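None of these values were measured; they are calculated from a predicted model. Quick note on labels: first sequence line is chain A, next is B, and so on, each numbered from 1.
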Amino acid sequence: MDTLKNLLHNPRFRNILSWAALAAILVGLVIGTVQTTRRVEYIWRWEQIPRYVLFKESREIVVEDNATVKALDRAGSSTVIVAVNSYGEEQYYNLPKDMIEVAVGDELKAGDLLAKWTKWKPGLLLRGLVLTLEISVLSIILGIIIGLITGLARLSSNPAPKWLAIGYIELIRGTPLLVQIYIFYFFVGQVFSLSSFWAGVLALSFFAGAYVAEIIRAGIQSIHKGQMEAARSLGMNYYLAMRYIILPQAFKRILPPLAGQFISLIKDSSLVGVIALVELTRAGREIGTSTFNYFEVFFTVAALYLILTFTLSMLVQFLERRFAASD
Amino acid sequence: MIDVRNVYKTFYSRHKVEALVDVSLQVDKGEVVVIIGPSGSGKSTILRCLNHLEKPDRGDITIDGILLTDLKTDINSVRAEVGMVFQSFNLFPHMTVLANVTIAQIKVRGRSREKSEQITMQLLHKVGIPEKANSYPSQLSGGQQQRVAIARALAMQPKVMLFDEATSALDPEMVNEVLDVMKALCREGMTMVVVSHEMGFAREVGDMVIFMDEGRIVEVGTPDKIYDDPEHERTQAFLAQIL
């Protein structure tokens with residue numbers, strides 16, 4: 001009994017025990033997942049997934065009428081086949097070079113092969129990922145601009161910009177993003193005839209802008225007021241002082257909360273699937289409905305989101321380390 | 001050079017504080033004026049009014065012939081002529097010493113980068129720390145930071161320098177290195193208004209000492225007169241406490 005007690009108080013043994021516990025939990029999770037799927041008799045078909053990321057498309061081009069190949073005109077990366085049919089009419093086929101299966105003088109029957117090639121094309125998941133990335137990057141950039149303007153307006157002593165900013169922030173923070181997306185799509189989109197892409201991007205930008213504004217306001221207020229006074233006492237106007245003295249310092253401080261906001265934004269972009277934008281989540285749902293392989297599809301979708309968010313975190317950590325030079 | 005006439009300033013925070021009551025003072029070109037007084041006596045407020053970090057409620061302030069309290073006056077251009085050194089240094093922590101001193105020269109005075117850096121290095125030599133040009137403020141001692149702050153203000157080639165308790169936040173062994181720089185400035189004929197309790201400094205280079213209490217100027221005189229033979233009771237009581 002005593003030896004057991006001693007063992008339990010040995011820090012090295014306790015350390016080993018913690019690691020063993022962690023390993024046991026992870027193994028348990030895997031076994032549990034496998035067992036559950038076995039119980040619902042799910043058939044895993046991971047081999048289905050890669051073709052939704054990238055797939056090889058093969059194309060075959062055939063001649064329309066019985067014809068004779070009159071000429072092959074090579075120009076750049078393509079070749080034009082000139083074929084003359086039995087009525088003496090010339091037909092032109094513009095095809096990629098190096099894939100041509102015929103030579104000048106060949107006599108062809110209708111349906112004979114002229115050229116064939118295979119090409120890698122992005123699948124639905126990859127296209128969804130790219131759309132998610134486009135929407136997120138645009139919304140982050142617009143969100144920063146909107147947030148900066150609103151944050152500064154919020155701090156203004158002039159009541160007009162100040163109360164407009166407060167109203168906007170409260171309006172956005174007090175309503176669900178999904179509702180905002182619908183409003184941007186059905187109302188704002190109709191009035192200004194926006195595409196669903198821009199309706200989605202603007203909805204997300206104004207949503208992020210409100211939160212960014214509060215982060216920027218807090219960042220500016222956290223800078224000691226002596227900094228503004230020192231800058232002004234050197235004759236700098238408000239804009240110069242903000243641009244060169246206050247904002248660079250505030251930006252360094254707000255980088256971590258800002259990063260969190262933008263990671264949220266990437267994840268929130270999954271909501272724009274409701275306005276007919278086939279971004280990553282919507283792409284997953286569409287693949288799911290046609291294959292019924294929901295498990296694999298959404299695990300893959302989750303992994304792709306993780307790649308985006310993790311990359312952003314890494315980028316921000318890199319920036320933080322660079323700005324730390326003056327500490 | 002500086003003409004302050006009947007200036008009033010009241011703060012309304014939790015309760016009403018009369019920071020300045022009917023304050024008037026004149027400083028001639030090349031004169032060094034030292035303001036002393038207990039905390040909350042308005043000595044910092046009058047200094048801050050001189051470069052419009054605080055706007056007086058009433059009264060007129062003229063610097064080098066320009067009426068500061070006139071709404072049409074471009075405050076930024078006046079501020080560039082009035083250098084200010086703060087108790088807490090207020091260097092820009094995200095910039096090197098060199099950038100701290102050059103930024104306003106470039107952005108406000110419109111000097112070229114080369115010219116600004118040349119002036120900056122001359123000034124850093126003058127305050128005795130040219131080797132710190134590429135350091136960040138956090139790598140400097142308090143005394144070194146304050147000397148950079150002085151160089152930063154001088155880089156604008158101001159007509160007047162204001163010092164707001166420039167040595168109060170320093171460790172005792174660093175006070176002299178900053179005072180030496182300030183004394184050198186006085187000898188060069190700079191017009192200075194200094195809020196400081198350093199008696200040695202006031203006696204050595206001060207032309208006039210002003211004692212303030214509760215927002216009012218209580219007594220004005222030469223350093224020797226104020227320190228050795230103060231007339232007013234409150235001045236006597238205050239000096240008895242700090243000396």
Undergrad: Answer yes or no: is there a donor N or O on one side and an acceptor on the other, between the side chain of B:N90 and the main chain of A:G226, under 3.5 Å?
TA: yes
Undergrad: At a 4.5 Å cut-off on heavy atoms, which part of A:I245 comes close to chain B: side chain, backbone, both, or neither?
TA: both
Undergrad: Looking at A:Y244, is its backbone amide N or carbonyl O close enough to the side chain of B:H94 to form a donor-acceptor pair, meaning the two atoms are under 3.5 Å apart?
TA: yes
Undergrad: Could you state the interatomic distance from CG (A:N237) to CD1 (B:I75), rounded to the nearest 0.5 Å?
TA: 13.0 Å
Undergrad: Has A:Q227 got a side-chain atom pairing as donor or acceptor with B:L91's backbone, closer than 3.5 angstrom?
TA: yes
Undergrad: Where does B:F92 contact chain A at under 4.5 Å (heavy atoms): side chain, backbone, both or neither?
TA: both
Undergrad: Using the side chain to side chain contact (heavy atoms under 4.5 Å, CB included) definition, which of the options B:R48, B:M84, B:M156 pairs with A:S233?
TA: B:M84
Undergrad: Could you point out which residue of B:N51, B:D164, B:L53 forms a side chain to side chain contact (heavy atoms under 4.5 Å, CB included) with A:E229?
TA: B:L53
Undergrad: Do B:M95 and A:P248 come close enough that some side-chain heavy atom pair is under 4.5 Å?
TA: no
Undergrad: For B:F11, does the CZ atom sit with more than 12 other heavy atoms under 6.0 Å from it, leaving out its own atoms?
TA: yes
Undergrad: Apply the test side-chain contact (heavy atoms from CB on, under 4.5 Å) to residues A:R232 and B:N76: give CA-CA distance (whole Å), side-chain angles for both, the deciding distance (0.1 Å), then the verdict.
TA: CA-CA 7 Å; A:R232 300 305 296 270; B:N76 291 318; 3.7 Å; yes
Undergrad: Within a 6.0 Å radius of atom CZ on A:F310, are there more than 12 heavy atoms belonging to other residues, nucleotides or ligands?
TA: no
Undergrad: Kindly indicate whether the side chain of A:L234, heavy atoms from C-beta on, has any atom under 4.5 Å from the side chain of B:K107.
TA: no
